[in-house]
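When reading the values below, keep in mind they use all heavy atoms of this one structure, side chains included, and skip hydrogens, waters and symmetry mates. When a residue number appears, it is its place in the shown sequence, counting from 1.
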Amino acid sequence: MKKLSWLLLGLALLGAPAAQAQKVKTKTKGGAAMLAPGQDVRWPRAKANAWYQARPWMTGANFIPSTAINQLEMWQAATFDPTTIDKELGWAEGIGFNTMRVFLHDLAWKEDPAGFKKRLNDYLAIADKHHICTIFVFFDDCWNKGPKAGPQPAPRAGIHNSGWMQDPGDPASRDSATFVQLRPYVTDVLTSFGHDKRIALWDLYNEPGNEGKGNASLPLLRNVFAWAEAVRPDQPLSSGLWNLDLRVLNTYQALHSDVITYHNYGDGVEQQHLIEALETHGRPLLCTEYMARPRNSRFANVLPVLKKYHVAAINWGLVAGKTNTKYAWDTPLPDGSEPNEWFHEVFRPDGTPYRQDETDLIKKLTSK
């Protein structure tokens with residue numbers, strides 16, 4: 001993580017942090033508007049903290065079944081795989097995980113809104129059976145910019161997230177003319193599931209500004225918050241802080257999130273410093289991405305810190321599979337050989353732990 005002045009993060013909620021994210025790498029059309037002076041449409045702090053205090057310590061992973069290369073392969077009718085989802089969430093339950101962060105995709109909804117929502121409900125039923133709640137993610141600026149419905153590409157050997165797709169992609173994420181097509185998607189899903197107790201949180205936009213987009217992602221960020229605030233589901237709304245250089249985006253995310261979510265791929269010391277800075281917001285903290293072993297972001301040195309401060313702990317990756325996220329962001333192995341150390345993931349495809357000492361620690365800290 002880049003060095004920053006931790007003090008700035010606490011001043012008037014205007015600063016926001018960052019760690020390395022998945023990849024090193026005005027008034028707007030469509031119904032969004034800036035806050036009027038003195039207006040704050042977020043949950044009051046007391047409500048946000050009461051929501052968090054009523055939940056068990058949230059621990060888990062960013063989840064996609066090992067049989068899917070990306071969000072579309074997870075959610076499209078032809079490749080939706082409840083059998084694998086059930087099996088792998090069972091492994092998660094077995095080590096005490098109680099929360100999964102799961103990415104959606106607007107193209108899967110666009111192809112078949114009713115079928116898409118049925119599959120969301122089917123997923124939620126499986127997760128709930130395993131005593132797992134879900135954080136759903138709408139939009140995403142990471143990785144490949146040209147998503148298309150239908151059969152998805154095969155994994156490229158040894159390359160991290162070779163088939164992961166942005167949502168809505170590029171240039172769509174920069175083009176306000178496309179937003180009119182996205183609002184019905186967000187509104188429909190939030191209206192349909194806005195009272196569903198199996199859903200913990202709506203993460204509206206993953207890493208806005210990634211892939212070099214910078215502030216060009218601000219109009220879509222504004223719009224998705226405006227659309228979500230218009231529905232106002234029972235669950236809190238957020239968008240995770242991830243890059244300290246994107247101050248305009250950070251400010252908007254912090255000023256509109258009911259609870260503070262963030263990504264940090266640093267070690268335990270960096271986590272602690274960041275937590276202490278973000279606590280000045282007076283809102284619950286959820287780390288929705290961490291754990292990259294070769295960067296010294298490990299369960300052993302980070303998870304105890306997150307528990308000490310009662311910060312939700314959602315690592316990247318559960319089961320090694322088609323996403324290839326056991327390989328590092330910036331260290332491809334084109335021959336597909338086994339990396340010296342896995343970057344992400346907890347389990348091998350057969351359900352055995354990558355590292356038994358890690359799953360033993362997770363069990364201990366979750367009292368499983």
Side-chain angles (χ1 to χ4, degrees), residues 21-23 60-76 79-81 84-85 88-89 92 99-111 116-117 119-124 126-127 132-149 152-153 155 160-170 172-173 182 185-186 189-190 193 198-211 217 220-221 224 228 235 237-240 242 261-263 286-291 312 314-319 321-325 329 344-345:
Q22 281 193 64
K23 185 180 181 183
N62 284 264
F63 175 70
I64 185 169
S66 60
T67 51
I69 193 171
N70 61 27
Q71 317 93 304
L72 284 164
E73 196 158 56
M74 179 175 182
W75 292 114
Q76 289 181 143
T79 46
F80 182 64
D81 187 355
T84 298
I85 291 170
E88 294 179 356
L89 292 186
T99 308
M100 294 290 129
R101 182 172 180 251
V102 179
F103 287 70
L104 308 177
H105 205 287
D106 80 283
L107 292 182
W109 174 86
K110 186 177 180 181
E111 288 288 297
F116 176 76
K117 290 188 292 182
R119 291 186 287 280
L120 261 61
N121 189 65
D122 290 346
Y123 162 83
L124 289 168
I126 296 168
I132 289 171
C133 67
T134 299
I135 298 170
F136 277 136
V137 184
F138 276 107
F139 298 127
D140 185 7
D141 272 353
C142 292
W143 303 102
N144 297 289
K145 66 181 182 179
K148 295 180 181 179
Q152 297 302 298
H160 181 108
N161 259 336
S162 66
W164 194 267
M165 294 296 170
Q166 296 177 28
D167 186 6
D170 196 1
S173 64
L182 297 172
Y185 159 57
V186 173
V189 172
L190 288 179
F193 293 96
R198 300 170 297 181
I199 299 171
L201 168 73
W202 298 100
D203 190 338
L204 299 179
Y205 200 152
N206 180 67
E207 300 193 356
N210 208 329
E211 300 295 343
S217 295
L220 180 55
L221 179 69
V224 67
Q235 309 93 341
L237 309 173
S238 191
S239 175
W242 72 279
T261 58
Y262 70 93
H263 300 170
L286 294 83
C287 180
T288 52
E289 289 188 26
Y290 78 100
M291 210 283 290
I314 314 299
N315 70 273
W316 190 273
L318 185 66
V319 181
K322 292 177 74 173
T323 60
N324 274 347
T325 54
W329 302 316
H344 299 317
E345 316 297 10

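Side chain of N206 to backbone of G240: no donor-acceptor contact under 3.5 angstrom is found. Side chain of N161 to main chain of T325: no donor-acceptor pair is present (N/O by atom type, distance under 3.5 Å, no hydrogens or angles). Although no hydrogens or angles enter the test, the distance criterion places no donor-acceptor pair under 3.5 Å between the side chain of N210 and the main chain of D141. In terms of modelled atom types and a separation under 3.5 Å, the side chain of Q235 and the main chain of F193 share a donor-acceptor contact. A donor-acceptor distance shorter than 3.5 angstrom exists from the side chain of H344 to the backbone of M291, with no hydrogens or angles considered.
The heavy-atom pair separating L107 from P147 by the smallest distance is CD1-O, 3.6 Å. Between G163 and N70, the shortest heavy-atom contact is O-ND2, 2.9 Å. The shortest heavy-atom contact between I69 and I64 is C-CD1, 4.3 Å. Annotation for A228 and L204: closest pair CB-CD1, 3.8 Å, computed over non-hydrogen atoms. Closest approach of Y185 and L104 over heavy atoms only: OH-CB, 3.4 Å. Minimum interatomic distance between M100 and F63 (heavy atoms only, all atoms of both residues): SD-CB, 3.5 Å.
Atom CG in L72 sits 8.5 Å away from atom CG in D106 (nearest 0.5 Å). Summarising the geometry, atom CZ belonging to R119 is positioned 13.0 Å from atom CH2 belonging to W109; distances are rounded to the nearest 0.5 Å. Note that CD of E289 and OH of Y262 are 12.0 Å apart. Values are rounded to the nearest 0.5 Å. Atom CG in L237 sits 7.5 Å away from atom CG in L190 (nearest 0.5 Å). Taken from CH2 in W143 to CD in E207, the straight-line distance is 9.5 Å, to the nearest 0.5 Å. In this structure, the separation between CE on M74 and CD1 on I85 is 4.5 Å, given to the nearest 0.5 Å.
Residues that satisfy the salt bridge (charged side-chain N to carboxylate O under 4.0 Å, His left out) test with D203, not counting sequence neighbours, are R101. In this structure, the side chain to side chain donor-acceptor pair (under 3.5 Å) partners of Y123, at least two apart in sequence or on a different chain, are T134. Residues passing the salt bridge (charged side-chain N to carboxylate O under 4.0 Å, His left out) test with D122 are K118, sequence neighbours excluded. For S238, the side chain to side chain donor-acceptor pair (under 3.5 Å) criterion is met by S257, T261, not counting sequence neighbours. Not counting sequence neighbours, the partners of E73 by the salt bridge (charged side-chain N to carboxylate O under 4.0 Å, His left out) test are K322. In this structure K117 satisfies the salt bridge (charged side-chain N to carboxylate O under 4.0 Å, His left out) test together with D188, sequence neighbours excluded.
The closest side-chain heavy-atom distance from F139 to V186 is below 4.5 Å. Put simply, the side chain of E211 reaches to within 4.5 Å of the side chain of Q166, judged on heavy atoms. In this structure, the side chains of Y205 and S217 come closer than 4.5 Å at one or more pairs of heavy atoms.
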side-chain contact (heavy atoms from CB on, under 4.5 Å) assessment of L286 paired with I314: CA-CA 8 Å; L286 294 83; I314 314 299; 5.9 Å; no
Working for side-chain contact (heavy atoms from CB on, under 4.5 Å), residues W202 and V224: CA-CA 11 Å; W202 298 100; V224 67; over 6 Å; no
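Between the side chains of E88 and S66, at least one donor N or O sits under 3.5 Å from an acceptor N or O.
Just one residue in the list N324, N144, D140 forms a side-chain hydrogen bond (donor to acceptor under 3.5 Å, both in side chains) with W164, and that residue is D140.
Note on ring orientation: taking the six-membered ring where Trp is involved, the planes of W75 and F80 are parallel (angle under 30°, cut-offs 30° and 60°).
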